[in-house]
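When a ligand or atom number is given, it counts from 1 through the structure's own listing order. Numbering of residues begins at 1 and proceeds along the displayed sequence.
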Amino acid sequence: MANMTHELIEFINQSPTPFHAVESCAKILEQNGFVPLGEQEEWSLQAGKGYYVTRNQSSIIAFRMPRGKVHNFLITASHTDSPMFKLKGEAISPAFDRYQRLNTENYGGSIYSSWLDRPLSLAGRVVLAQNDKITSHLINFDRDLLIIPNVAIHLNRNVNTGYSYNPAVDLQPLFSQGKDASVKKLIAQELNCREEEIAGYDLFVYNHMSGTVLGVNNEFFSAPRIDNLMCVYGTLQGLVSEESAHAVNVFFAADNEETGSATKQGAGSIFLSDVLDRICEAVQSDRRRLLASSFMISADNAHAKHPNHPELSDPQNAPHMNGGVVIKTNAAQKYATDGISAAVFGEICRHANVPTQPFANRSDMAGGSTLGSISNTKVPLMTVDIGMAQLAMHSAYETAGVKDVAYLVNAMRAFYACNLTVEKDGCYRLSCAKRKVEESSDV
Ligand code: ZN
């Protein structure tokens with residue numbers, strides 16, 4: 001189990017931006033025999049084989065064709081992005097005195113204070129124009145490069161009594177004391193190219209601290225981007241380790257959840273729909289019939305009851321870290337879960353010996369949302385919203401439970417191996433293989 005957590009921390013370290021998260025997924029997929037496809041290419045899909053396709057280099061869909069006749073899709077969806085700071089086109093703020101700062105804007109709903117006084121770095125993609133070619137290159141400086149310093153308490157007496165950080169003033173990272181410091185020069189050195197060849201970039205400031213395991217019994221781990229790389233990792237581990245007899249197993253990790261999913265590659269786009277269409281064409285099946293028998297797990301982390309603020313949780317529907325997979329419900333359907341999808345997923349977990357726990361917001365609090373219901377407007381199918389209980393969501397350094405990594409992986413393996421059929425609307429038959437419980441039985 002500790003191994004799985006260390007593997008997850010390594011996955012997170014290798015994935016500072018959505019582009020790198022997609023690259024990390026592609027590496028694992030290729031190690032497991034999955035073949036890359038391009039959206040611009042013709043596809044010829046073979047039974048029993050695995051494939052993956054990316055869009056914008058920041059969203060990825062992988063799928064494995066069954067050996068038998070296709071009956072349905074078993075889909076997981078998670079997101080590759082986390083709150084960060086994005087570099088603007090003119091990347092250096094006006095210099096004053098001896099300071100050069102980067103000119104950034106906030107991406108997603110960050111907890112601002114968590115980004116101060118810790119080593120930060122830069123990563124993303126750089127676009128080079130060379131002769132008649134325009135090519136995108138991933139870049140990760142992967143060193144302690146930047147810092148956003150707090151103002152000393154002697155100069156800001158309000159800092160402990162509710163100070164409001166202004167992103168345009170308080171959150172610009174310190175970059176250099178050199179007058180000629182330049183982001184393009186730094187990129188050119190790293191990519192071994194000429195500055196004039198740099199035609200564009202999407203670069204993000206990220207927390208450069210590694211994850212770590214902590215607690216008296218090593219029961220917790222803390223890391224950047226646990227929301228939602230924990231779910232990306234867990235669902236991917238499920239996909240690569242299982243084959244289904246009659247379902248196309250699909251893994252979707254989408255960019256831009258933190259800003260509402262409404263992009264060409266986000267969960268609000270038709271990326272998933274396009275890929276499912278092409279699979280339906282390949283197996284000459286009616287998409288509507290397949291979708292009616294299909295199931296999606298929308299996996300995005302949940303709020304654990306907070307040790308210092310238990311009053312912020314619903315008294316009965318408050319999950320704990322290390323308590324198993326959280327099933328999230330919301331009356332307004334910000335979560336796509338309903339009684340039937342909760343029951344189907346609950347049964348899959350029960351067969352896999354994975355505990356589940358319910359989450360709902362306090363009735364006087366709005367709470368968050370995620371990609372399940374958004375994706376359902378483009379690809380409607382029975383969907384459950386789940387996640388693992390964590391603290392400090394959207395902090396630069398979040399905390400979750402070590403046992404939960406194994407619970408998630410085991411639940412996803414069981415999902416991708418289950419056999420679900422629809423007898424009529426409201427009546428389903430589920431069979432789950434008897435499974436050896438890996439790593440979660442001793443926790
Ligand atoms: Zn999330």
Using a strict 4.0 Å threshold on nitrogen-to-oxygen distance, state whether Glu347 and Arg350 make a salt bridge.
->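 Arg350 and Glu347: salt-bridged.
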Salt-bridge criterion met for Asp202 and Arg125 (N-O under 4.0 Å) =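 Salt bridge between Asp202 and Arg125, a charged N being under 4.0 Å from a carboxylate O: yes.
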Does Cys231 bring an N, O or S atom to within less than 2.8 Å of the Zn ion (ligand 1)?
->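 Looking at Cys231, which is the residue asked about, there is no N, O or S atom under 2.8 Å from the Zn ion (ligand 1).
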Please find the N/O/S atom of His79 nearest to the Zn ion (ligand 1) and write down its name.
->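 Of all N, O or S atoms in His79, the Zn ion (ligand 1) lies closest to NE2.
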Roughly, to 10 degrees, what angle do Asp300 atom OD1 and Asp227 atom OD1 form around the Zn ion (ligand 1)?
->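 The angle at the Zn ion (ligand 1) comes to 90°, rounded to the nearest 10°.
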Using a cut-off of 6.0 Å, state whether more than 12 heavy atoms not belonging to Ile134 lie near its atom CD1.
->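 It does not: Ile134 CD1 has 12 such atoms or fewer within range.
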Any idea which heavy atoms bring Phe221 and Gly401 closest together, and the distance?
->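 Answer, listing the atom of Phe221 first, then Gly401: CE2-O, 3.5 Å.
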